[in-house]
S.K.: 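Please read through the structure below; I'll follow up with questions.
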Amino acid sequence: MTTPTKEHSLGLADRLGGSVDAVGAEARAAALSTRSIKKDSKMWALELAIRCCDLTSLEGQDSPGKIRQLASKAMRPAPGNPEIPSVAALCVYPRLVKAAKEALAGSTVKVASVAAAFPSGQSPLDLRLEEIERAIADGADEIDIVISRGAFLAGDDEMVFEEVSRSVEVAGGAHVKTILETGELGSYDRIRRASLIAMAAGTHTIKTSTGKISPASTLPTALVMAEAIRDFQDATGTAVGLKVAGGIRSAKDAIRYLVIVHETLGDEWLTPDRFRIGASSLVNDLLMQIDKQKTGFYSDPDRYTLD
Amino acid sequence: MTERVEVLKTYKLYLGGDFPRSESGRSYEVTGAGGEFLANAARASRKDIRDAVKAARKAWPGWAAATAYNRGQVLYRVAEMMETRRGDLEAEVARVEGDASEQVDAAIDTFVYYAGWTDKITQVMGGLNPVAGPYFNITAPEPTGVVGIVASEEPSLTALCSRIAPAMCGGNASIVLASERYPLPAIALAECLATADVPGGVVNILTGHKNELVPVLASHLDVDAIDITGVTGDQRTEVEAAAAENVKRVITASDVRGPHEVTAFMDMKTVWHPKGR
């Protein structure tokens, strides 16, 4: 794909943007969330949710030891049960990319690094780009960047386009996920517009939240972003991934997101290449539900590894 | 003048401090002593058990960490609330079992009795053990955690109180299955608990069919002990086998009340400590 010009891309965002029916989006998301997924389908969904997880730790207290511990969980979420698949990626701060890469060597689990002045995005662009380059040099396979919400809200779409496209460029082929931080954007219209700008700028995946702001990911937000992805693909032929993150703790929630993605984007998006869930405690709840399905007993949270 | 429309009570579950209907939306008919229709009671499902265990697990650390003095106050407050609402309790008991006043007296007194035990149980039931060596060897009862209670079917109110009060006294959070035939007094009791400063989730009362609910409660891996006083016949063996899965303590009531009823719901913990010279 040739890089589209800025004018062309922003024109596309103008054309596809416009207003979102907020009441309709919320009603649709609420209706989809009541869908009942049982038995075999539920097992399939639980397993898929694990495969789509970006096991995440983004705390000031993260240390190489903590990341190694999390890496073993990422590769083998249930140590006693080899049937449980690995998660998609381990998501860490740039300083811990090396530790994560070493701990995950030889596995299928990717290393994702947040970068570009996560979580605020409020640093000069050259510093943010350098952060990406260094994360890549340390071995990151995927980069989670944040847009400058300040610039976007001030109407500076060009700046947002610029930072995303430059980030994709310096990432040099690594998978780039762009966090819109939807909780700070204020309306579905803006969420849709930010989604379109990020996609037009070449990001591989759009992501809801940093997890540092409340509200984080919500079902209607994911629906609006999934619809933007669908419309972008119709217009350009390019398929962009979706990542939901922040506050997703229960298996039930994870399945609701899977339903929304499936109903909006179809089967092709039900794969870790195109759909991710950023979470930490979610994995244990998924494992608990899988055990419940298998044994028929409700389980005990103390039986699962802490992370 | 138009006649006033009667206000009927919907009997619900007591779960996490709230009064929800069953998650399943089901209910069942409750009949009085003479077989007449009294009300519909919520018919709890396995998911209600799951939710109740979750609520109890969440409430437990706070209740276990509350001072014995504070737990005693709350238990006494339950007795106060039952006294205040005794008309309601008596009416509910009377329409299913006839004679009510004595039973309500006994139920209230049970809470007063165990309120007194909260700050005495450790010193009376714990102790300093004689050992051959320069050590203090101390045993003290500690709360077990989340306990399931299947009380006897009747007498509806006292059977329930005689199990709930010692479990609370011992610092546990409980999931209680009410009498299947006479569930209405249990809900009247729940209304007393809800207004007596008992933190939401410390006691959860479910009404429904025991053959449906007991196996789920017994097999739930996050339940630490189960009181099977009200489980009869073949189902006892079944419950004991299910409880073995996570080594639940299995308890039955004794004929007399006393501190042993409290420690039945507790773990005896022993520590060794070197003696200084």
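Letters A, B, ... are given to chains in the order of the sequence lines, protein chains preceding strands, and every chain is numbered from 1.
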S.K.: Restricting to side-chain hydrogen bond (donor to acceptor under 3.5 Å, both in side chains), what partner residues turn up for B:T118, sequence neighbours left out?
M.R.: none
S.K.: Donor-acceptor pairs under 3.5 Å, chain B to chain A, main chain and side chains both?
M.R.:
unit_1	atom_1	unit_2	atom_2	d
B:R46	NH2	A:G296	O	3.4
B:L221	N	A:Y298	O	2.8

S.K.: Is B:R181 atom CZ crowded by more than 12 heavy atoms from other residues, nucleotides or ligands, each under 6.0 Å away?
M.R.: no
